[in-house]
Asks: 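I'd like to ask you about the structure that follows.
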Amino acid sequence: MGEAYDVQEIERRWQARWRDEGTYEVEADDPRPPFYSLCMYPYPSGAAHQGHVRNYTFGDLIVRHRTMGGYAVLSPMGFDSFGLPAENAAIRTGVHPRPFTDARIAELKESIERLGAVYDWRREVRSHDPGYIRWTQWIFLRFLEAGLAYRKQAPVNWCPGCQTVLANEQVLADGTCDRSGDMVVKRNLEQWFFKITDYADELLDDLDDLDWPERVKTMQRNWIGRSEGAEFDLAVADRDDAAGDRAIRVFTTRPDTSFGMTYVVLAPEHPLVGDLTTPDQRSAVEAFVAEVSTHSEVERQSAEGPINKRGVFTGSCAINPFNDQLVPVYLADYVLTGYGTGAIMAVPAEDQRDWDFAEAYDLPIVRTVAPPDGWVGQAYTGDGPAINSRWLDGMEKAEAITAAIDWLEERGIGQRKVNFRLRDWLLSRQRFWGCPIPVIYCPEHGAVPVPDDQLPVLAPDDVEFRPTGESPLRSHEGFLRTTCPVCGQVAIRETDTMDTFVDSSWYYLRFADPHNTEAPFDPAVVAHWLPVDQYIGGIEHAILHLMYARFFTKALADLGVAPKALREPFARLFTQGMIRMGGSKMSKSKGNLVAPAKYFDTVGADALRLFHLFVGPPVDDFDWSEQTDEVIDGCARFLNRVWRLAMGEVAPVSGATAPAGDLARAVHAFVAKVSDDYDRWSYNTVVAACMELTNLLYKHVQAGGDTDIAEGMDALLLVMAPMAPHVTAELWERRHPGEHIHAQSWPTFDPALAAALRETMIVQVDGKVRDRIEVGAGLDEAEMQRLALASTKVQAALGGASPTKVVARPPKLINLVT
RNA sequence: GCCCGGGUGGCGGAAUCGGCCAGACGCGGAGGGCUUAAACCCCUCUGGUCCUCAUGGACCAUGUGGGUUCGAAUCCCACCCCGGGCACCA
């Protein structure tokens, strides 16, 4: 009996070797071509869960595969260590968030290492390190100088549960907080914003060239929500008071339908409401505005149908500049103050919302685009010739839009206008455990940036965490009181911290040059490694993190901090599927975690990794079920088979016969197939192919012949090396003393050898397979037909008839049609 | 409502360009071997229905119904179901 496969001992030993020998540490002057592989750095919530395991298994596989492919692979890891859970724990337990977070990081790091995932740990970045905070603040100040960071009073999304402001992106469609689930309410506060809208066009356009999942790109496009149209003024009719001097500015994407405008709608919060309301309508308008203000954003947006399209007439009319007709001015809750101009021209014939409102309020409907024959619907938004539109009549949609805008511009009434759904990024958070915003408020000089040489601004440690909902910074005199950098007078510090998405918007740049004390990073080093060649993470970051990181990259490049040419941070993105259990995402908060530790301690990391790779396509979600443990056991069983095979422990079986076919050809075909599978992320079929090859090698050994399986064995181990790194490293070293499998080149194959020497020609009669004939490569159609007709099975199927048609696809298939 | 995905054995999945009787590989299941016994390990079978003593064979089968084609899981049309995203953005 040979040596047992001691999983625990082998995995621990190789993990120590990779760490101690710095196997995956790289430098920018490495002569090999660079490859930057990155998994989204995790929020440290304690020991790894299966989602981490899956993510880092894919990431580690890429690192090892690319290294074997001849690249110098940058594989860094860090921790997104600021955030709410640590602060909430502090409030609960009184323990400062830092030791709490450091302990969670240690746990997570330990389980990542236990997985056998390899990183250049010298580059580790933690958001809460003073050395990282310093540069996050420094970047904020550069943005401030450039006008990309600004402060304004704004109605903000306030989460009562988290006691903080949220970004629009953090409010779910049902109006609840994406963290606590509480209903978000509106509040007016002075807040810091990043001007991400300056980059709206570029963020949209550059999506086209990214090798990202189409789904993620679509989500970003929708979020940016670019729409082209026109803005123009409508004069207020028959008023000699203040309102008469004003104009109502509207935004429309359909200026071609302007002749169909039958009323105008303002948002209830529109500044002209007071002026436009006539005395006899005042009480109705005031009642309406008051009622709308009591509705939350969500109630307002979730209202459905014409009944709920509530509105009120102001008593005033406006003049449609296209035909000089008077149109009534209404207020309605379906017009939003934050988009466009907060006022619209209503064209019920070509907009369903306007149609619904017009019907409810008995307003006229005039079609200005001829619907197709047989049209039975209400509003028609498709293409068609303009009608009832004087000089636009007969033009198609696109042409009419251009003509209408030209007309507006010639008369100085309006102009072409692009609007975006994207809003500026609100980054202020009323929390303690985040990166302090480096600003000082002076009674004389207002908001003054903290000078660079005073960075980082660090939160004090001697604070008390109380469940008051207020950041301890607000009541910490030592932190709060300071002096103005300009005049030296008493001043106070900003007590808000930054959204943690700020930290994660540039960490991938810091990884390239993590110990720089002169700058956040050296642009030359960043230019060497960036953009990230392969970024891997969850689909949940499709909008927020990925959009913010793209914005930061562009802004930093424009400010000369990052390389000018670096317009995008992540060249290729892969979003892995979620692990679900009982229909919902497996997560700590849902309490349905299946901890990896018990698998590490039994079947081992290699088996667990193999399972995650084998269970299905990486993009697909996976349902963890009662059967899952059995599948994992199956993976462990397979590794044991590989072990016994490689160690020469497989005994011949009496009566077994060697499988047909040349083993060398099978091995080359195997390498050809799996190399392709690796490139297209088809890891589940790689594992299947490895199992097949293992089974084939087994049969050769069991047959007891003199077939040498060494070449096949080596190819198998090399192909499996990125997937099951420990056992393959161990077996390789035993078979090739002094060698390290992960330093080997990826196996090559001979295409001629990989191609089958003989093909199996499929003979069909009327589309049904009737015979298979072994044929040599390169025979022609006539020969195929001759062979096919010679087959007794084919003759039987034909039943004496002769085919009326022959479809041949040399050399694999021939179909005889009767 | 709109926009993306996706429906294949008992289960996870495979089939890369429309072509090897669809179902690789694994899990589960059945039977057998090894063993005093069990575990481990090894071997065989395993989509359905039916015919045949058996070898073997027939028919059906990729959500449903049509269509294109010599040939469809794959392409087209309609519908059903599941998952995700967006949801008064003018």
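Naming convention: chains lettered A, B, ... in sequence-line order (proteins, then strands); numbering from 1 in each chain. All values derive from a computational prediction rather than experimental measurement. Below, all heavy atoms of this structure are taken into account, side chains as well, without hydrogens, waters or symmetry copies.
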Asks: Provide the distance between the two P atoms, one in B:C21 and one in B:C25, to the nearest whole Å.
Replies: 14 Å
Asks: Within the pair A:Arg221 and B:C4, is there a side-chain N or O less than 4.0 Å away from OP1 or OP2?
Replies: no
Asks: Tell me what A:Gln702 touches on the nucleic acid: a base, only sugar-phosphate, or nothing, going by heavy atoms under 4.0 Å.
Replies: sugar-phosphate
Asks: For B:U55 and B:C60, measure between their P atoms and round to the nearest Å.
Replies: 23 Å
Asks: Under a 3.5 Å cut-off for both distances, is B:U35 Watson-Crick or wobble paired, and to whom?
Replies: none
Asks: Could you tell me the separation between the CG atom of A:Leu645 and the P atom of B:C41, rounded to a whole number of Å?
Replies: 15 Å
Asks: What is the pairing partner of B:C45, taking Watson-Crick or G-U wobble pairs with both distances under 3.5 Å in any strand?
Replies: B:G29
Asks: Watson-Crick or G-U wobble partner for B:U62, using a 3.5 Å limit on both distances?
Replies: none
Asks: For A:Arg54, give me all partners under salt bridge (Lys or Arg N to Asp or Glu O under 4.0 Å), at least two apart in sequence or on another chain.
Replies: none
Asks: If the P atom of B:A73 is compared with that of B:U64, how far apart are they to the nearest Å?
Replies: 12 Å
Asks: Sticking with atom P, work out how far B:C11 lies from B:U62, rounded to a whole angstrom.
Replies: 15 Å
Asks: Rounding to an integer number of angstrom, what distance separates B:G65 and B:C50 when you compare their C1' atoms?
Replies: 27 Å
Asks: Should A:Asp208 and A:Arg221 count as an ion pair when the cut-off is N to O under 4.0 Å?
Replies: yes
Asks: Does A:Gly225 reach a base, just sugar-phosphate, or nothing at all? Heavy atoms under 4.0 Å.
Replies: nothing
Asks: Any side-chain N or O of A:Tyr698 under 4.0 Å from OP1/OP2 of B:C42?
Replies: yes
Asks: For A:Glu649, is there an ion pair with A:Arg641 - N to carboxylate O distance below 4.0 angstrom?
Replies: no
Asks: State the syn/anti category of B:C60 according to its glycosidic angle, syn meaning within 90° of 0.
Replies: anti
Asks: With rounding to whole Å, what would you report as the distance between B:G9 and B:A24 at their C1' atoms?
Replies: 14 Å
Asks: Using O4'-C1'-N9-C4 for purines and O4'-C1'-N1-C2 for pyrimidines, with syn meaning within 90° of 0, is B:G9 syn or anti?
Replies: syn
Asks: Could you tell me whether the phosphate oxygens of B:G26, OP1 or OP2, come under 4.0 Å of any side-chain nitrogen or oxygen in A:Asn695?
Replies: yes
Asks: For the ring pair A:Phe611 and A:Trp624, is the centre-to-centre distance below 6.0 Å?
Replies: yes
Asks: At less than 4.0 Å, is any side-chain N or O atom of A:Arg637 found next to OP1 or OP2 of B:C25? Yes or no.
Replies: no
Asks: Measure CD/A:Glu692 against C1'/B:A24 and give the value in whole Å, please.
Replies: 6 Å
Asks: Any Lys/Arg nitrogen of A:Asp676 or A:Lys673 sitting under 4.0 Å from an Asp/Glu carboxylate oxygen of the other?
Replies: no
Asks: Considering every strand shown, what is the Watson-Crick or G-U wobble mate of B:G1 when both distances are under 3.5 Å?
Replies: B:C86
Asks: Expressed in whole Å, how much space separates the P atoms belonging to B:G1 and B:C75?
Replies: 26 Å
Asks: For A:Arg421, report the nucleic acid contact type (base, sugar-phosphate, nothing); a contact means any heavy atom under 4.0 Å.
Replies: base
Asks: Under 4.0 Å, heavy atoms only, any strand: does A:Phe638 hit a base, just the sugar-phosphate, or nothing?
Replies: nothing
Asks: Report the nucleotide, chosen from B:C70, B:C25, B:A90, that has the shortest atom-to-atom distance to any side-chain atom of A:Thr253.
Replies: B:A90
Asks: I'd like to know if A:Asn815 reaches the base of B:C70 with its side chain, counting only an N/O donor and acceptor under 3.5 Å.
Replies: yes
Asks: Between A:Trp643 and A:Leu645, does a side-chain contact (heavy atoms from CB on, under 4.5 Å) hold up when you go through it step by step?
Replies: CA-CA 5 Å; A:Trp643 176 272; A:Leu645 190 63; over 6 Å; no
Asks: Please work out whether the ring planes of A:Phe357 and A:Tyr334 are parallel, tilted or perpendicular, with thresholds of 30° and 60°.
Replies: tilted
Asks: Quick one: A:Ile344 CD1 to B:A90 P, roughly how many Å, whole number?
Replies: 11 Å
Asks: For A:His545 and A:His541, take the angle between the two ring planes, folded into 0 to 90°, and tell me which bin it lands in: parallel under 30, tilted 30 to 60, perpendicular over 60.
Replies: perpendicular
Asks: Is A:Arg215 atom CZ crowded by more than 12 heavy atoms from other residues, nucleotides or ligands, each under 6.0 Å away?
Replies: no
Asks: When rounded to the nearest Å, what value does the distance between C1' atoms of B:G18 and B:A72 take?
Replies: 7 Å
Asks: Any chance you could list the contact pattern along nucleotides 11-16 of chain B? Use B for base contacts, S for sugar-phosphate-only contacts and - for none, protein heavy atoms under 4.0 Å, 5' to 3'.
Replies: BBSSSB
Asks: For B:U74, give the paired nucleotide (Watson-Crick: N1-N3 plus N6-O4 or O6-N4; G-U: N1-O2 and O6-N3; both under 3.5 Å), or none.
Replies: none
Asks: Taking CE from A:Met219 and P from B:C86, how many angstroms apart are they, rounded to a whole number?
Replies: 6 Å
Asks: Could you work out which one of B:A90, B:G28, B:C41 sits closest to the side chain of A:Arg644?
Replies: B:C41
